[in-house]
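If you're wondering where the values come from, they're calculated on a predicted model, not measured in any experiment.
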Amino acid sequence: MPPKTNNNDEEDELRSSGHWRNVVAVQNPRTKKWDTVLIQFKMLIYFMMTKGLVVPLGFMYKQFHGCFIPVGEAAAAFLKKMRTPKIGKSRNGEDPVPREKGLFLGNVSSVVVADAFTTLCQWKWFSGMQGLFSRVICACLDPANRGRDFAGTVFGGKWFIGQLAGRITWDGLPCLQALSEKSHADYFGVTLARYIAEKLAIYDLRKCGRLLEMKNRFCGDDGLIAYLKISLCTSEHRTFRDLNHRFLAHGGGLTLAVRIFWGDGSVTQMFFWCDGLAKGIDMFTYFNYGEPLLVVHEQPRLGEYSEHEHLVLETTKRRSARGDGGDDDEDNTAYHLYTKRLTKGGHIWELLRGIRRTRPTHSLNVNTLIACARNPKNEWGIIDQGTLEQMDARAPLMLKELWDACGAMQKPLLSIDKANSIVNGKDRVKHNNGGLVVARILRATGRKMVSECKEEGETELSDGRTVTYSTTTSSYDAKGCVTLKACIDAAGGHQSLLNRQVGVLIFCFDFTGVSTITYAKAGWNEISLPPPKKGFLFCAMTTNLSNASLQCLANSIQFPKGGLMWALAREYGSSLGDDWLAKNPPDHKWKGTPELYNAMLAGACGPDKLRETVLRIMKPHGDWLLAAPPCACTVNDLVRALAADGDCDRATLERVRRALSGRVVEAAAETAAEAVPQFGFFEDVSFGALPAKPAAVRRKPAARRAPAARR
């Protein structure tokens with residue numbers, strides 16, 4: 001039994017999003033029937049490894065709203081008809097659903113279970129969360145990963161629960177596309193109809209959308225929302241100092257999307273134009289629940305404006321507020337709130353001091369946002385309410401209506417390539433700068449991936465299968481070193497990646513601004529080499545490594561300088577001598593493994609050779625994934641269990657047997673890994689061009705805004 005995890009991150013996630021769970025089908029060995037069981041989210045792998053015949057039917061179950069990711073059409077129909085279970089009250093914040101047994105919900109036909117298994121096998125080649133869950137399950141069940149604490153690492157990780165909860169309800173909308181920083185809520189809202197249905201690669205240069213950030217709030221098992229705040233920038237944020245800075249950074253143009261999931265199964269959907277929202281906060285409209293206050297330009301006098309209780313005085317600042325260098329067009333207007341006080345001689349106006357201390361600086365109140373969006377006098381907010389399916393259909397129209405009403409067309413449209421560079425920020429970590437370069441070189445697909453490895457993309461093999469890769473970027477530092485680091489952001493801290501978690505790890509070494517790389521060893525003359533072509537050197541390697549090597553990557557390890565110089569010389573077609581590597585081994589303080597060092601040397605290459613190197617490493621991973629079952633039992637055992645209740649016909653059972661052939665490839669591929677070639681030169685590859693523009697699609701007429709009835 002995995003140990004219980006007790007950490008602040010889990011408590012914070014529970015407070016803001018409640019308990020997340022999964023629904024699985026478990027064969028009862030006594031009755032030979034399939035039981036439907038509700039289990040804790042992080043206990044999925046434990047159930048599959050200990051209960052034998054277990055097939056997931058739905059991921060990310062939320063009380064009163066069901067599973068957001070049903071596994072197949074049959075499971076979706078079954079889960080939709082399933083009665084909402086009665087769950088007891090939580091004690092000390094613990095999930096009332098039993099950890100070891102789960103909560104029995106009833107029985108399910110083997111036909112539904114068979115369809116779920118074949119769907120999971122197809123999802124191995126999918127993008128988004130469906131592909132993520134299927135591939136992670138295959139990796140977790142691989143014998144090389146036995147002994148890992150999955151409840152505290154993968155499915156119990158703070159990223160896996162927290163970040164997926166933030167984007168789970170928006171992931172299927174075609175008008176929203178993820179940016180390269182995929183583990184966060186930074187998205188790209190597509191405004192031009194002809195691009196909405198297209199999967200834009202993260203390096204696409206066509207201007208067709210704007211930046212958008214999404215937030216969700218979910219009710220708990222009691223139907224109530226315990227935390228009515230939406231946090232947008234914490235006090236420790238590396239880029240933004242407060243909400244106003246967050247909304248107006250990079251010239252403004254940000255849109256905030258919010259969904260509230262209530263206990264009656266309905267969903268409230270809101271969009272806010274953040275330029276207007278920032279001004280509403282400055283002018284105390286947000287403070288007044290969306291009702292605009294009277295704005296005057298002179299000091300109010302005795303007896304004036306008797307019909308008002310509050311008013312706002314607009315003045316011009318004598319000196320611009322101190323900000324960062326990017327806010328050249330910062331508004332110098334200041335607003336002051338006055339309140340009316342009755343005296344014997346009439347009413348007078350007094351400046352309400354200290355009010356700015358109560359203004360939101362890092363988070364927004366859900367009830368206040370709802371009031372602001374419902375007020376028809378505010379063009380910068382729009383609201384609607386209904387089922388999740390209705391809100392998915394309304395989202396593109398609401399987004400267009402909001403942008404049209406706010407004059408958003410005055411803000412220039414961005415390309416998704418430009419949007420990526422904006423969300424990265426010049427003062428933030430550079431972990432996805434290399435990701436953009438890699439995506440261009442590999443001609444990555446436009447299908448958006450989700451991963452615990454932060455920056456994950458997808459490229460296609462020659463036979464049509466798509467395999468994922470993950471990138472991290474580090475700069476050549478003042479000590480003359482580059483660093484390799486890849487890990488899981490787990491509940492208990494950074495932990496090593498799973499064996500076979502992704503097809504290829506690509507470490508991007510950024511040499512921007514470096515003129516010379518030097519190396520000196522005792523008894524040797526100093527050697528100097530120029531930086532690599534186009535400023536980047538890459539190191540591609542498989543994740544099929546020993547636990548010791550994967551742990552070295554999780555702890556962060558440097559590329560030995562002797563090997564780095566050898567790789568740079570090879571990039572320029574020069575030789576340092578056949579015995580260079582033997583005479584310049586890693587330093588005795590280097591804590592890596594020989595396996596890891598050999599993988600570094602085999603995968604080191606420049607931009608011109610990266611694609612061929614990556615495809616060579618991807619092929620064995622694709623062959624493994626093709627035959628990897630997303631269940632802990634064998635296919636023959638599963639087929640015998642499915643045939644026990646008599647619901648499945650022969651054709652259904654045969655589909656289950658053939659499910660591991662995948663979605664694209666019909667014949668099973670050879671599972672033998674290709675031999676790693678000797679260090680040598682690779683042929684040049686052409687990068688290709690951007691895809692042609694698709695044909696225009698007729699725009700649907702925009703619907704009128706219809707605010708939902710007050711709850």
Side-chain angles (χ1 to χ4, degrees), residues 13-24 36-41 56-90 95-97 102-106 108 112 129 161 164-173 176 214-230 257-271 366-367 369-371 373-374 382-398 703 705-711:
E13 179 56 36
L14 174 63
R15 187 166 64 104
S16 61
S17 298
H19 293 288
W20 286 98
R21 305 180 178 99
N22 296 318
V23 178
V24 298
T36 308
V37 182
L38 183 69
I39 65 173
Q40 296 182 20
F41 180 86
L57 299 180
F59 300 107
M60 301 201 75
Y61 175 90
K62 177 61 66 171
Q63 189 75 341
F64 304 108
H65 293 276
C67 285
F68 286 105
I69 307 180
V71 186
E73 296 181 359
F78 170 78
L79 294 171
K80 193 171 184 179
K81 297 178 182 179
M82 185 181 70
R83 296 178 61 182
T84 302
K86 294 182 179 180
I87 300 178
K89 294 183 179 181
S90 175
D95 194 334
V97 172
L103 184 64
F104 175 74
L105 302 178
V108 61
V112 177
M129 297 190 184
I161 297 177
L164 292 188
R167 60 172 290 175
I168 178 64
T169 71
W170 307 91
D171 198 53
L173 291 181
L176 304 180
M214 307 167 309
K215 295 292 181 181
N216 291 326
R217 274 295 166 265
F218 300 93
C219 63
D221 294 338
D222 54 2
L224 303 176
I225 299 178
Y227 189 61
L228 290 173
K229 295 281 188 179
I230 293 177
V258 181
R259 279 181 171 176
I260 313 298
F261 290 80
W262 305 103
D264 60 358
S266 65
V267 181
T268 295
Q269 179 170 271
M270 298 179 286
F271 291 94
V366 170
N367 289 329
L369 286 176
I370 292 175
R374 281 177 174 163
I382 186 171
I383 188 172
D384 203 349
Q385 185 168 326
T387 64
L388 181 59
E389 292 78 11
Q390 291 171 337
M391 293 301 97
D392 285 346
R394 280 278 294 148
L397 299 177
M398 292 177 67
R705 177 167 60 177
R710 189 176 299 274
R711 291 181 59 80

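At a threshold of 4.5 Å between non-hydrogen side-chain atoms, the residues Asp95 and Arg21 count as touching. At least one side-chain heavy atom of Asn367 sits under 4.5 Å from a side-chain heavy atom of Leu228. Counting heavy atoms from C-beta on, the side chains of Met270 and Ile382 never come closer than 4.5 Å. Here the side chains of Phe261 and Lys62 are not in contact, with every heavy-atom distance at 4.5 Å or above. Contact check for Ile225 versus Phe218: no side-chain heavy atoms found under the 4.5 Å cut-off. Thr387 is not listed as a side-chain neighbour of Val267, based on a closest heavy-atom distance of 4.5 Å or more. Residues Phe41 and Met60 have side chains in contact (heavy-atom distance under 4.5 Å, counting atoms from C-beta outward). In this structure the side chain of Ile230 reaches within 4.5 angstrom of the side chain of Val366, judged on heavy atoms.
Separating the CE atom in Met391 from the OG1 atom in Thr169 is a distance of 12.0 Å, to the nearest 0.5 Å. Taking CZ from Arg167 and CG from Asn216, the interatomic distance works out to 11.5 Å, rounded to the nearest 0.5 Å. Here Leu105 contributes atom CG and Leu79 contributes atom CG; the two are 9.5 Å apart, rounded to the nearest 0.5 Å. Rounded to the nearest 0.5 Å, atoms SG (Cys67) and CG (Asn22) are 7.0 Å apart. Note that CG of Asp171 and CD1 of Ile69 are 7.5 Å apart. Values are rounded to the nearest 0.5 Å. Distance check, rounded to the nearest 0.5 Å: CZ of Arg394 to CD of Gln385 gives 13.0 Å.
Side-chain contact annotation: Asp392 with Trp170, donor-acceptor N/O pair under 3.5 Å absent.
Summarising the geometry of Pro70 relative to Ala75, their closest heavy-atom pair is CB-C, 4.5 Å, with the distance given to 0.1 Å. Counting all heavy atoms, side chain and backbone alike, Gly88 lies closest to Pro96 at O-CG, 3.1 Å. The shortest non-hydrogen separation linking Pro85 to Leu38 is CG-CD2, 4.2 Å.
The side chain to side chain donor-acceptor pair (under 3.5 Å) contacts involving residues 63-83 comprise Tyr61-Gln63, where partners must be two or more places apart or lie in separate chains.
Counting only distance, with no hydrogens or angles, the side chain of Gln40 and the backbone of Val97 share a donor-acceptor pair below 3.5 Å.
With sequence neighbours left out, Thr36 forms a side chain to side chain donor-acceptor pair (under 3.5 Å) with no residue at all.
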For Ile39 and Leu103, what are the C-alpha separation, side-chain angles and deciding distance, and is it a side-chain contact (heavy atoms from CB on, under 4.5 Å)? CA-CA 6 Å; Ile39 65 173; Leu103 184 64; over 6 Å; no

Working note: Arg259 + Gln269, criterion side-chain hydrogen bond (donor to acceptor under 3.5 Å, both in side chains); need CA distance, chi angles, decisive distance, verdict. CA-CA 5 Å; Arg259 279 181 171 176; Gln269 179 170 271; 2.7 Å; yes

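Aromatic pair Trp262/Phe64: centroids not less than 6.0 angstrom apart.
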